[in-house]
Amino acid sequence: MKPKRRVPADSSESLTFFARVYALVRKTPRGRVVTYGQVARALGAPGAARTVGWAMRVCPDQVPWHRVVNARGEISLRPATGYHEQRVRLKAEGVRFDRAGRIDLNKYGFGGI
DNA sequence: CGTGTGACGCGAG
DNA sequence: CCTCGCGCCACAC
């Protein structure tokens, strides 16, 4: 046949990239965080970190979007778009922030995805 | 089907 | 350690 479009080499081929992002993020345990790039790489799309962020912006309520941060362990949201809410949710799960507002990924990062 | 867009990442300076 | 700049890529129009 002739796949008109690049098909990912896994069983989730029928799902959209966004759907696969959500499925993966849902696996992140309470009190742990993952990075945008980490999710992208896990889906076989190393350069799609920004797309993961976009997916988070429009994600379903069941998805723990607050457990996704950038590679520096910082919240990527701007104060006006939800920075505070994400920080509050993470703190409620026991995630600590340093004085610069960063999370220690070696401690809270979840590598199980 | 070309173009714009963004909750990123990473190398350089 | 910090800032700046450019590449990335799925998706909506």
Side-chain angles (χ1 to χ4, degrees):
Chain A
M1 307 313 290
K2 46 152 193 84
K4 51 178 86 168
R5 194 183 169 151
R6 219 173 108 283
V7 179
D10 64 28
S11 56
S12 308
E13 56 183 69
S14 62
L15 298 174
T16 64
F17 186 78
F18 278 27
R20 281 181 285 154
V21 168
Y22 301 144
L24 216 49
V25 174
R26 273 198 299 271
K27 295 182 178 181
T28 310
R30 200 165 174 289
R32 310 302 291 285
V33 299
V34 292
T35 70
Y36 299 96
Q38 190 184 348
V39 173
R41 285 194 300 277
L43 292 176
R50 307 188 70 172
T51 306
V52 172
W54 185 15
M56 287 300 96
R57 191 171 74 78
V58 296
C59 78
D61 294 342
Q62 315 83 284
V63 180
W65 57 270
H66 59 286
R67 307 213 261 249
V68 186
V69 299
N70 65 34
R72 295 175 177 174
E74 305 169 312
I75 288 174
S76 282
L77 284 171
R78 298 182 192 182
T81 58
Y83 175 95
H84 189 61
E85 184 182 350
Q86 181 168 11
R87 179 159 169 138
V88 167
R89 288 196 181 206
L90 287 175
K91 279 193 169 185
E93 298 186 348
V95 176
R96 309 285 279 303
F97 288 78
D98 65 15
R99 221 166 33 162
R102 283 177 299 211
I103 297 166
D104 183 351
L105 293 181
N106 289 313
K107 185 175 179 182
Y108 299 102
F110 177 58
I113 65 174

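Computed from coordinates, the A:R20 CZ to C:dC9 P distance equals 14 Å when rounded to whole Å. Rounded to whole angstrom, the span from the CZ atom of A:F18 across to the P atom of C:dC9 amounts to 15 Å. Going from atom CZ of A:R50 over to atom P of C:dC6 covers 13 Å, rounded to whole Å.
Screening residues 62-97 of chain A for ring-ring contact (aromatic ring centres under 6.0 Å, His included) gives no qualifying pairs among residues at least two apart or on separate chains. Counting only residues at least two apart or on different chains, no salt bridge (charged side-chain N to carboxylate O under 4.0 Å, His left out) pair has a member in residues 29-54 of chain A. Applying the side-chain hydrogen bond (donor to acceptor under 3.5 Å, both in side chains) test to residues at least two apart or on different chains, none of the pairs has a partner in residues 94-113 of chain A. Within the structure, ring-ring contact (aromatic ring centres under 6.0 Å, His included) pairs that include any residue of residues 33-56 of chain A comprise A:F18-A:W54 (at least two apart or interchain).
Listed by residue number, the members of residues 24-34 of chain A with any heavy atom below 4.0 angstrom from DNA chain C form an empty set. Within a heavy-atom distance below 4.0 Å of DNA chain B, no residue of residues 90-113 of chain A is found. For DNA chain C, the residues of residues 52-77 of chain A within the heavy-atom distance limit of 4.0 Å (strictly under) are A:W54, A:R72, sorted by number.
Within 4.0 Å (heavy atoms only), A:Y83 reaches no atom of the nucleic acid at all.
Residues forming a side chain to side chain contact (heavy atoms under 4.5 Å, CB included) with A:L24 (at least two apart in sequence, or on another chain): A:K27, A:V39, A:A42, A:L43, A:I113. By the salt bridge (Lys or Arg N to Asp or Glu O under 4.0 Å) test, A:R57 is found to be paired with no residue, residues two or more places apart in sequence or in another chain being considered. Under the rule for a side chain to side chain contact (heavy atoms under 4.5 Å, CB included), the partners of A:R26 that lie at least two apart in sequence or sit in another chain are A:Y22, A:A23, A:V63, A:P64. Among residues two or more places apart in sequence or in another chain, the side chain to side chain contact (heavy atoms under 4.5 Å, CB included) test is passed with A:A19 by A:L15, A:T16. By the side chain to side chain contact (heavy atoms under 4.5 Å, CB included) test, A:A48 pairs with A:F17, A:A40, A:A45, A:T51, sequence neighbours left out.
The listed nucleotides are B:dC10, B:dC8, B:dA7; the one nearest the side chain of A:A49 is B:dC8. Out of C:dC11, B:dC10, C:dC8, the shortest distance to the side chain of A:F17 is found at C:dC11.
Screening A:L105, A:V52, A:V68 for a side chain to side chain contact (heavy atoms under 4.5 Å, CB included) with A:T35, the sole residue that qualifies is A:L105.
Checked for salt-bridge contact, A:R89 and A:E93 miss the test: no charged N lies under 4.0 Å from a carboxylate O.
Donor-acceptor pairing under 3.5 Å, judged by distance alone, is absent between the side chain of A:R41 and the base of B:dG9.
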